[in-house]
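Computed from heavy atoms alone, side chains included, the values below leave out hydrogens, waters and symmetry copies.
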Amino acid sequence: MNPQLKESYGFVFEDELLREIDEVGKIHTYKAGTVILNYGQNVRSMPLLISGAIKILRQNEEGDELVLYYLERGDTCTMTMTCCLGQQKSEIKAVAETDTTFINIPVGKMQEWIKKYPSWMSFVFESY
């Protein structure tokens with residue numbers, strides 16, 4: 001199992017869920033300043049941040065960008081979850097604030113784990 005996964009989420013998720021995350025999740029690494037997700041993109045997975053920081057932005061009616069929040073290790077993006085579960089295009093822009101690593105969880109697993117793991121359901125609701 002990825003030791004960073006265990007270190008970042010071992011206090012939140014049971015070992016069985018961590019093993020499944022490790023099996024199905026895809027690790028992504030981005031350099032600071034890289035746009036990870038842009039407005040209007042399809043969202044088919046949810047990030048679990050392992051290291052670094054991600055800035056989440058949204059555009060107002062005039063096209064100005066507003067910072068909504070930052071993600072750090074142990075976090076996930078609630079706006080991404082909302083788009084994933086609703087099968088909507090992204091309403092946010094995600095930019096690596098620092099060098100960043102996360103594991104992407106496919107949308108199908110997100111739904112499956114809500115029924116299967118109480119810790120996952122709690123994590124999703126607490127993230128909102």
Side-chain angles (χ1 to χ4, degrees):
M1 180 185 303
N2 182 322
Q4 289 180 306
L5 175 63
K6 180 81 170 171
E7 183 180 318
S8 299
Y9 293 93
F11 64 96
V12 177
F13 303 135
E14 53 266 83
D15 286 342
E16 185 180 338
L17 176 54
L18 288 170
R19 280 191 290 280
E20 282 198 55
I21 291 170
D22 195 42
E23 287 173 17
V24 303
K26 300 217 183 315
I27 295 180
H28 298 273
T29 301
Y30 293 92
K31 294 285 183 195
T34 304
V35 175
I36 299 167
L37 179 68
N38 217 332
Y39 305 110
Q41 281 187 285
N42 289 322
V43 182
R44 294 186 175 91
S45 58
M46 180 185 100
L48 296 177
L49 203 57
I50 291 177
S51 66
I54 299 174
K55 179 172 40 178
I56 306 300
L57 304 127
R58 188 169 194 165
Q59 283 184 321
N60 66 15
E61 291 83 30
E62 292 81 39
D64 297 321
E65 289 186 323
L66 308 168
V67 175
L68 295 179
Y69 51 87
Y70 290 86
L71 302 175
E72 296 179 325
R73 187 181 102 183
D75 288 340
T76 192
C77 181
T78 57
M79 294 296 291
T80 300
M81 277 194 290
T82 301
C83 289
C84 259
L85 294 172
Q87 298 178 341
Q88 302 168 339
K89 292 189 182 292
S90 175
E91 297 176 4
I92 59 152
K93 181 178 180 180
V95 179
E97 185 74 4
T98 63
D99 291 352
T100 300
T101 301
F102 60 86
I103 296 178
N104 255 350
I105 306 301
V107 67
K109 287 295 180 180
M110 291 169 50
Q111 295 165 336
E112 176 187 321
W113 293 342
I114 284 175
K115 297 172 189 167
K116 189 173 179 181
Y117 297 107
S119 66
W120 180 260
M121 187 171 66
S122 294
F123 178 74
V124 168
F125 285 126
E126 286 174 16
S127 294
Y128 278 105

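Taking each heavy atom of R58 and Y39 in turn, the nearest pair found is C-OH, 3.7 Å. Scanning all heavy atoms of the two residues, the minimum distance from T98 to A53 falls at OG1-N, 3.0 Å. Between F123 and T76, the shortest heavy-atom distance links the atoms CE2-CG2, 3.6 Å. Considering all non-hydrogen atoms of both residues, I50 and S8 come closest at O-OG, 3.4 Å. Between G10 and L18 the shortest heavy-atom distance is CA-CD1, 3.8 Å.
Between the CG atom in N2 and the CD atom in E7 there is a gap of 10.0 Å [rounded to 0.5 Å]. Atom CD of Q4 is separated from atom CD1 of I103 by 8.5 Å, given to the nearest 0.5 angstrom. Atom CD of residue Q41 and atom CD1 of residue I92 lie 10.0 Å apart, to the nearest 0.5 angstrom. Note that the CE atom of M121 and the CD atom of E126 stand 10.5 Å from one another [nearest 0.5 Å]. Atom CG in L68 sits 7.0 Å away from atom CG in L57 (nearest 0.5 Å). For the atom pair F11 CZ and S119 OG, the distance stands at 11.5 Å (nearest 0.5 Å).
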>> Pair L71, F102 - check side chain to side chain contact (heavy atoms under 4.5 Å, CB included), show working.
In response: CA-CA 11 Å; L71 302 175; F102 60 86; over 6 Å; no
>> Before you tell me yes or no, could you show the steps for Q59 and K93 under side chain to side chain contact (heavy atoms under 4.5 Å, CB included), namely the whole-Å CA-CA distance, both residues' side-chain angles and the distance that decides it to 0.1 Å?
In response: CA-CA 9 Å; Q59 283 184 321; K93 181 178 180 180; over 6 Å; no
>> If you apply the rule side chain to side chain contact (heavy atoms under 4.5 Å, CB included), what do you find for M46 with L48, and how did you get there?
In response: CA-CA 7 Å; M46 180 185 100; L48 296 177; 3.8 Å; yes
> Between C77 and I54, does a side chain to side chain contact (heavy atoms under 4.5 Å, CB included) hold up when you go through it step by step?
Replying inline: CA-CA 9 Å; C77 181; I54 299 174; over 6 Å; no
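The cluster map of Ile, Leu, Val, Met, Phe, Trp and Tyr, joined by side-chain heavy atoms under 4.5 Å apart, puts I56 and V95 in different clusters.
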Show which side-chain atoms of residues 24-36 pair as donor or acceptor with protein atoms under 3.5 Å away, not counting sequence neighbours.
| unit_1 | atom_1 | unit_2 | atom_2 | d |
| --- | --- | --- | --- | --- |
| T29 | OG1 | T101 | OG1 | 3.4 |
| T34 | OG1 | K31 | O | 2.8 |

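Side-chain contact between P47 and N104 is present, with heavy atoms from C-beta onward closer than 4.5 Å. Contact annotation: the side chain of Y9 never approaches that of I21 to less than 4.5 Å [non-hydrogen atoms, C-beta and beyond].
The pair K109-E112 meets the salt-bridge criterion, with a side-chain N (NZ, NE, NH1 or NH2) lying under 4.0 Å from an Asp/Glu carboxylate O.
Looking at W120, its side chain does come within 3.5 Å of a backbone N or O of M110 through a donor-acceptor pair.
Applying the ring-ring contact (aromatic ring centres under 6.0 Å, His included) definition to pairs two or more places apart or across chains, none involves residues 59-79.
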